[in-house]
2 protein chains.
Amino acid sequence: MPLTKKTRHGNILSINAKVARNINRAIILNSIRERQPISRAKISDLTKLNKSTVSSIVASLIAEDLIIEEPDHSPRGIGRSPINLRVKRGKHYVGAIYFDSSKTELAVIDMDGTIISSAEIKTEIGNPSEFVSLCIKKLNVMRGQFHPHHFRGIGVTVAGIVDAAQSKVVYAPNLGWQDLDLGQVVRDYAPAIEMVTVENDAKASALAELLLGTHKVNPTNVVFLSVGAGIGAGIVVDNHILSGGSHAAGEFGHMTIVEGGERCTCGNQGCWEVYASDRATIRRYAAEKKLSQEQTANTSLESIIGLAAHGDDVAKEALTKSAQYIGLGIANIIRSFDPEVIIIGGTIIQAWELIYPEIMETVNKRGFFGKQRNTAILPTSLTGNPPLLGAAALSIRKIFTDYRIAL
Amino acid sequence: MPLTKKTRHGNILSINAKVARNINRAIILNSIRERQPISRAKISDLTKLNKSTVSSIVASLIAEDLIIEEPDHSPRGIGRSPINLRVKRGKHYVGAIYFDSSKTELAVIDMDGTIISSAEIKTEIGNPSEFVSLCIKKLNVMRGQFHPHHFRGIGVTVAGIVDAAQSKVVYAPNLGWQDLDLGQVVRDYAPAIEMVTVENDAKASALAELLLGTHKVNPTNVVFLSVGAGIGAGIVVDNHILSGGSHAAGEFGHMTIVEGGERCTCGNQGCWEVYASDRATIRRYAAEKKLSQEQTANTSLESIIGLAAHGDDVAKEALTKSAQYIGLGIANIIRSFDPEVIIIGGTIIQAWELIYPEIMETVNKRGFFGKQRNTAILPTSLTGNPPLLGAAALSIRKIFTDYRIAL
DNA sequence: GAAATGTTTGTTGTTTCAACCAACAAATGA
DNA sequence: TCATTTGTTGGTTGAAACAACAAACATTTC
């Protein structure tokens, strides 16, 4: 593992007593989060830290109200009963905002991903500063309403290309934003919040799946595939979001899968999302049913899924065709990136029973080279909207791996 | 940055005094390697480590014969002249072996990538243990001949899928190897060597480019594209090789770029390497020239490049066509992975002047989505054979970031 | 003298070690 | 049945070890 690393800003993080303590603190905090309930003794076994070190750090975590002892008197064999530790709920909250082209979602979320309060606003294209301020004010009301203190940070996700290190939106065509210092705007309207994080929606969703999802796997290597109007993806390696040199890693949607194929809005031909996105499904259905332009505009993916569930063969065919193309792209992702798990999010997973066999058939037909691979393909396990939970996950991760290097 | 990490074997590396010291040692050693010559004071500035800490660690590195003071009496302005530090050459060596389908290359290599001694053996398909033992014996002679001590490790690269964590070859069709514990075989025949590393050739090449290459860039995110009989790639993020869940990350060669295209040996259709590998170039040339099967088998890419240099239009056309397809695949890699640099290795870069404009034209025509990206596409800067230097780089990296956690 | 590089010395903070205390289950015996 | 003993595991305490740090000092050069 690369421990001698440069931070995102080019400095080198050397180890001194404080950093060492904070790293160990983060190790303990995360082992509690991942395996709760867990005793001090088990943590010591797991981390190879001395029992006394674990006790000392756990004491400070309890003082910080981050974890809590859970008295457990159930008989569990020989010896003294362990004192179980858990991440404390109902004490620390984060704000989450997800800016999408049609609507913007807000929420106050607990450390374990429970949504405490949520709201939705129609997204106003135009003056971004004005609209963002409206959202922050709304969020301020929501958090004031519930919990004036222990509000740790605000996470923001945007459907577009984001420079997370600088908390800037590089390009969000659907929102009409370009080179927008969104982090600064948020900080301006919520000056009391120290922790503001901005990230691309699919990337944050991948993080949320890892941090807040209920899949049992604990992979090092996850691709979250967000199928919507377009297709985006987030890649997470070792809890670290892969951002890419131009902040555009995971833009699989514009991967060429049909040379000289149909033209895409991006200017290229044969892009994956032309064949596999929700828009493609709707277009395919509308073409077959010979719907007018207006009727097409009023057709949602939900309605097609509903029709398919009631036996509409045209709807079924539109969905399975998209599923096949999704499988084709996934085969490419597996070949190039070889993740342990691919997680799919988006409206289309409501038709999982219908699409999963089609996806798998295509993936298998595309022939795993040499040895069989065991990449799992799963629908998201998140109970809420992945990009919204992703926004929360950004802050939650910071709390859980905060090194507090400040003197 | 993910500092609270699990190692490849699932343990968690917690920080104690020894680990902290070793991390700081590695930070200092690497800052010397990357910026030599450099003074203690500069290292202190750069790493934020105290001057006394730097002095102490530097002293032990000098005692270990890893670095050396370079007296510099040239006047450089006000104040005491710094004592420059450099990585010591001519003291520590590593062995490198590259197993390819036709030939196996051996070398003894210095810490800075200088090849001290090298040899080549025709690869014997058949009993792997026997052939490997032959190679190790040959390497033992080579290292005995030069430097009996300070031989730090052996790095091995293989054209195939490798489980680096277990130093096993999973599948190497061209060598006829499958589920071979190559690391163990090497250790059996060279028991005195503590450090044996096995890795895929393209992945190790990427590492070599980062560690031993002369490109000025210091990216976090590199893709090394190895164009040969097939196409393989190595992805490196933060000095860490991306291995993938099934050790097959970077198998871009079998990415579908033409749906329903020509059949590939892997069973799929329209794979990239069917259109862009050396074999594709030769086939294209042979088809146009209407060569017999025997003539085709005797045509090498070198000869086609030679003909093109002398103005043969058919040869030129075969190469530019491949270059266009290389560009097409690169566009997909940029879209999906968004590296800062793509480095190309292989015989075809001998025709760089001819292929580079074609690659770039295709990459640009394929339309960067939204903002212009600035992914650099460069030929390898390595002076030797990348997979062979890659084998050396595996050991060299271990020496430079050895934490020595053992008590 | 000023400014920069590098060294020495004592201080601080953190982990570790070893011993200890606490809680519990099972075995023992009256 | 119930108190006692024994072994095991969970967690705490205080001294020792160790690495980084700060500050003063020495050295070199302008």
Side-chain angles (χ1 to χ4, degrees), chain A residues 3-4 12-28 31-32 35 37-63 67 69-85 403-407, chain B residues 12-28 32 37-63 67 69-85 403-407:
Chain A
L3 270 166
T4 72
I12 298 171
L13 180 62
S14 54
I15 310 293
N16 58 32
K18 273 206 186 65
V19 173
R21 176 112 183 156
N22 282 324
I23 292 175
N24 288 340
R25 173 186 173 277
I27 290 172
I28 290 176
S31 56
I32 295 171
R35 298 164 196 251
I38 186 171
S39 68
R40 292 169 175 80
K42 279 234 177 66
I43 295 171
S44 174
D45 277 1
L46 198 69
T47 60
K48 313 293 178 207
L49 283 164
N50 194 280
K51 286 195 290 178
S52 53
T53 307
V54 174
S55 283
S56 154
I57 290 176
V58 162
S60 62
L61 289 172
I62 290 174
I67 63 172
E69 289 186 341
E70 181 187 57
D72 177 5
H73 297 297
S74 63
R76 58 182 64 240
I78 213 162
R80 172 176 171 178
S81 301
I83 304 170
N84 278 327
L85 302 168
Y403 300 135
R404 306 195 196 181
I405 291 154
L407 295 177
Chain B
I12 297 171
L13 180 62
S14 55
I15 310 294
N16 58 31
K18 274 207 186 62
V19 175
R21 176 106 181 161
N22 281 324
I23 292 175
N24 287 340
R25 173 187 172 279
I27 290 173
I28 290 176
I32 294 171
I38 187 172
S39 68
R40 291 168 176 82
K42 281 235 177 65
I43 295 172
S44 173
D45 278 0
L46 198 69
T47 60
K48 313 293 178 207
L49 283 165
N50 192 280
K51 286 194 292 177
S52 54
T53 308
V54 174
S55 282
S56 155
I57 290 177
V58 162
S60 62
L61 289 174
I62 289 174
I67 61 172
E69 289 187 339
E70 180 187 58
D72 177 6
H73 297 297
S74 63
R76 59 182 62 242
I78 213 164
R80 171 175 170 179
S81 300
I83 304 170
N84 278 327
L85 302 168
Y403 301 135
R404 304 193 197 184
I405 292 155
L407 294 177

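Residue numbering restarts at 1 for every chain, and letters A, B, ... go by the order of the sequence lines.
Residues A/Leu49 and A/Ser44 share a closest heavy-atom pair of O-OG, 2.7 Å.
Applying the side-chain hydrogen bond (donor to acceptor under 3.5 Å, both in side chains) test to A/Thr53 and every residue at least two apart in sequence or in another chain returns nothing. Not counting sequence neighbours, the partners of A/Asn50 by the side-chain hydrogen bond (donor to acceptor under 3.5 Å, both in side chains) test are A/Ser52. With sequence neighbours excluded, the residues that form a side chain to side chain contact (heavy atoms under 4.5 Å, CB included) with B/Ala20 are A/Ile15, B/Ile15. Residues passing the side-chain hydrogen bond (donor to acceptor under 3.5 Å, both in side chains) test with B/Ser56, sequence neighbours excluded: B/Arg21. Applying the side chain to side chain contact (heavy atoms under 4.5 Å, CB included) criterion to B/Glu69, with sequence neighbours excluded, gives B/Arg40, B/Ile62, B/Ile83, B/Leu85.
Whole-Å rounding puts the B/Ile57 CD1 to C/dG6 P distance at 15 Å. Between the C1' atom of C/dT5 and the CD1 atom of B/Ile38 lies a distance of 14 Å, rounded to the nearest Å. For the pair B/Lys42 NZ and C/dG6 C1', the interatomic distance rounds to 14 Å; values are reported in whole Å. For the pair A/Leu49 CG and C/dT15 C1', the computed distance is 9 Å after rounding to whole Å. Atom CZ of A/Arg25 is separated from atom C1' of C/dT15 by 18 Å (rounded to the nearest Å). The CD1-C1' distance, from A/Ile15 to C/dT15, rounds to 14 Å in whole Å. Regarding B/Ile28, its CD1 atom lies at a distance of 13 Å from the P atom of C/dG6, rounded to whole Å.
A/Ser39 comes within 4.0 angstrom of sugar-phosphate atoms only, judged by non-hydrogen atoms across all strands, and of no base.
For the side chain to side chain contact (heavy atoms under 4.5 Å, CB included) with B/Ile57, the qualifying choice from B/Ile27, B/Asn22, B/Ile43, B/Ile28 is B/Ile28, the only one to do so.
Between C/dT15 and A/Asn24, a contact under 4.0 Å exists linking OP1 or OP2 to a side-chain N or O. Distances shorter than 4.0 Å separate some side-chain N or O of B/Thr53 from OP1 or OP2 on D/dC21.
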What does the list of N/O pairs under 3.5 Å between the protein and nucleotides 12-18 of chain D look like, with a distance for each?
from: D/dT12; atom 1: OP2; to: A/Ser55; atom 2: OG; distance (Å): 2.4

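Of the two residues near DNA chain D, B/Arg21 and A/Ala41, the one whose nearest nucleotide lies more 5' is A/Ala41.
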